[in-house]
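Just below is one structure, and these are the notes that go with it.
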Amino acid sequence: MYRAPRGTSDILPQEQAYWRYVEHRAVRLCELYGYQRIDTPAFEDLGLFSRSIGEGTDIVEKEMYTFEDKGGNQLTLRAEGTAPVCRAYLEHGMHNLPQPVKLYYVAPIFRYERPQAGRYREHYQFGCEALGDSAPALDAEVIDLAWQFFISLGLRRLTLKLNSIGCRQCRPEYLATLKSYYSGHIQKLCRDCKTRLKRNPLRLLDCKQPQCQAVADSAPKSSDYLCPDCEEHFSRLRGYLERLGLPFEVSHRLVRGLDYYTRTVFEIQPESEGAQSTLGGGGRYDDLISELGGRPTPAIGFATGMERIILNLKKQGVTVPALPRPRVFVAYVGDEARDEAVKLAARLRRVGISVIGAVGDKSLKAQLRQANNLAASYAVIIGDEEIKTGKVVLRDMATSEQETITVTQLLERLRSALG
RNA sequence: GUGGGUGUAGCCUAGUGGUUAAGGCGCCAGGUUGUGGCCCUGGAGAUCGAGGGUUCGAAUCCCUCCACUCACCCCA
């Protein structure tokens, strides 16, 4: 028997209400904030991801689904959402549009990782990107959108963490300071941190090992090393967020895993520990578009994992609206009546009444049992007698009351009953 | 990639060396030759994760593999 590949899963009908709920909120909110939807291909050139995410990162080193197609092209399944949007921005000359260009997406992301709660090899991310403006007000808008998104979904007890990790000008000095600080404490570090010191020093700061936390707590802070421009940007952003009433907390130990971030980074976290500790996050990437071959174009974005959101909705007991289902079941008795039932079901659908029609050869009893199991509110029954008189039976499944009426009357009844 | 836990019908569970692997939920059908839910009766559905080994005999013990799951790394 075939099974869904490791780390993938079927989104079954009973799960779809959550998905519809979350995606619908995302779409509504993006429209409210003036973001337009973009859908990019499921795969891109390998280089787009390896160059943007960073050659030294785990995603590029071991987590990408890369393959060669029959034309010899090195292609990679979408490993994250931002780079493809930037590629599309460049490819379609969006710098000629009024800036910033504001785009959003809901799309599957593919990473070859060991699956665990809230982490999958194929998962969906909702993300938005605002390209072409460096104003801190834009940062504030993106963060506000992200925060409102989670709040409007009904999630509670979230924290919004904020930091600035500087730019091309000021970061090198900070990194050097950080490295030399950590070099003095190297014997206290965990094994992972010893390699981080060489490969990705920023990540030293968010190690969860107790012995490393102590070192990280008194480590130099990136916000103390910002150049005047970054300092002003960060301070104005905090001002906006305060004015918007967003409950952010500056965390000097917040860094992000992808190389392209500059200045603003932020994360939204639920209470829970472990793999799903980040519900969503984002930041500025002012150098990414020029690195991809475009003119210098500042930008900021945000992304969140749909599965993690749904996990947290369930954990917090948020109820989501049920998806609409047919409330009318059309049953029949006899071959001739079956043909009439097929016609009647179609006729009801033509006027917008959602129905399930019995098919095959089942007893009326079985048909009604099915109607009951499908939670139909009404059953319409057609039999030989009804065909003779041109009428049908309308049965109210809740009260068991039924009446024999014409099809015209049936339409009226159902229309008023179903609203 | 590292470490732990778990694998018995669609789902939940019993069975820890001995006849045809048991029960519940769900599904199907009958009890009403045109009427659902409750009840009663019956039925279908399991190569006991896979392969190998020990044994007269394995769901049960041993080995290997696989899958699921949780955590780490990393990330949404």
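Just so it is clear, the values below take in all heavy atoms, side chains as well, and ignore hydrogens, waters and symmetry mates. Every chain is numbered from 1, with letters handed out A, B, ... down the list of sequences.
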**OP:** Return the residues of residues 252-268 of chain A meeting this criterion: a heavy atom under 4.0 Å from some atom of RNA chain B. Order them by number, or give none.
**Re:** A/Arg256, A/Gly257, A/Leu258
Subject >> For RNA chain B, the residues among residues 194-203 of chain A that have a non-hydrogen atom under 4.0 Å from it >> reply: A/Arg196, A/Arg203
**OP:** Would you classify A/Arg6 as touching base, sugar-phosphate or nothing, given that sugar-phosphate means primed atoms plus P, OP1 and OP2, and contacts are heavy atoms under 4.0 Å?
**Re:** base
Subject >> Under the salt bridge (Lys or Arg N to Asp or Glu O under 4.0 Å) test, residues paired with A/Arg51 that sit two or more places apart >> reply: none
Subject >> Contact pattern, 5' to 3', of nucleotides 35-40 of chain B - B, S or - by protein heavy atom under 4.0 Å >> reply: BBB---
Using the salt bridge (charged side-chain N to carboxylate O under 4.0 Å, His left out) rule, collect all pairs that involve [range], keeping only residues at least two apart or in two chains.
range	value
residues 392-404 of chain A	A/Glu403-A/Arg413
residues 363-378 of chain A	none
residues 75-91 of chain A	A/Glu44-A/Arg87, A/Arg87-A/Glu91
residues 345-354 of chain A	none

**OP:** With RNA chain B as reference, determine whether A/Thr304 or A/Cys207 sits nearer its 5' end, using the nearest nucleotide of each.
**Re:** A/Cys207
Using atom names, set out every protein N or O paired with an N or O of nucleotides 42-44 of chain B below 3.5 Å, distance rounded to 0.1 Å.
none

Please tabulate, one pair per line, all N/O donor-acceptor pairs under 3.5 Å involving side-chain atoms of residues 104-113 of chain A, not counting sequence neighbours.
unit_1, atom_1, unit_2, atom_2, d
A/Arg111, NE, A/Ala79, O, 2.8
A/Arg111, NH2, A/Ala79, O, 3.1

Can you give me every donor-acceptor pair (side chain of residues 130-145 of chain A, partner residue at least two apart or in another chain, under 3.5 Å) with its distance?
unit_1, atom_1, unit_2, atom_2, d
A/Asp133, OD1, A/Ala135, N, 2.8
A/Asp139, OD1, A/Arg284, NE, 3.0
A/Asp139, OD1, A/Arg284, NH2, 2.7
A/Asp139, OD2, A/Thr264, OG1, 2.7
A/Asp139, OD2, A/Arg284, NE, 3.0
A/Glu141, OE1, A/Lys102, NZ, 3.3
A/Glu141, OE2, A/Tyr35, OH, 3.0
A/Glu141, OE2, A/Lys102, NZ, 2.8
A/Asp144, OD1, A/Gln148, NE2, 3.3
A/Asp144, OD2, A/Tyr33, OH, 2.7

Original post:
Does OP1 or OP2 of B/C70 have a side-chain N or O of A/Gln116 closer than 4.0 Å?
Top reply: no
Every protein N/O lying under 3.5 Å from an N/O of nucleotides 1-5 of chain B:
unit_1, atom_1, unit_2, atom_2, d
B/U2, O4, A/Arg114, NH1, 3.1
B/U2, O4, A/Arg114, NH2, 3.2
B/G3, O6, A/Arg114, NH2, 3.3

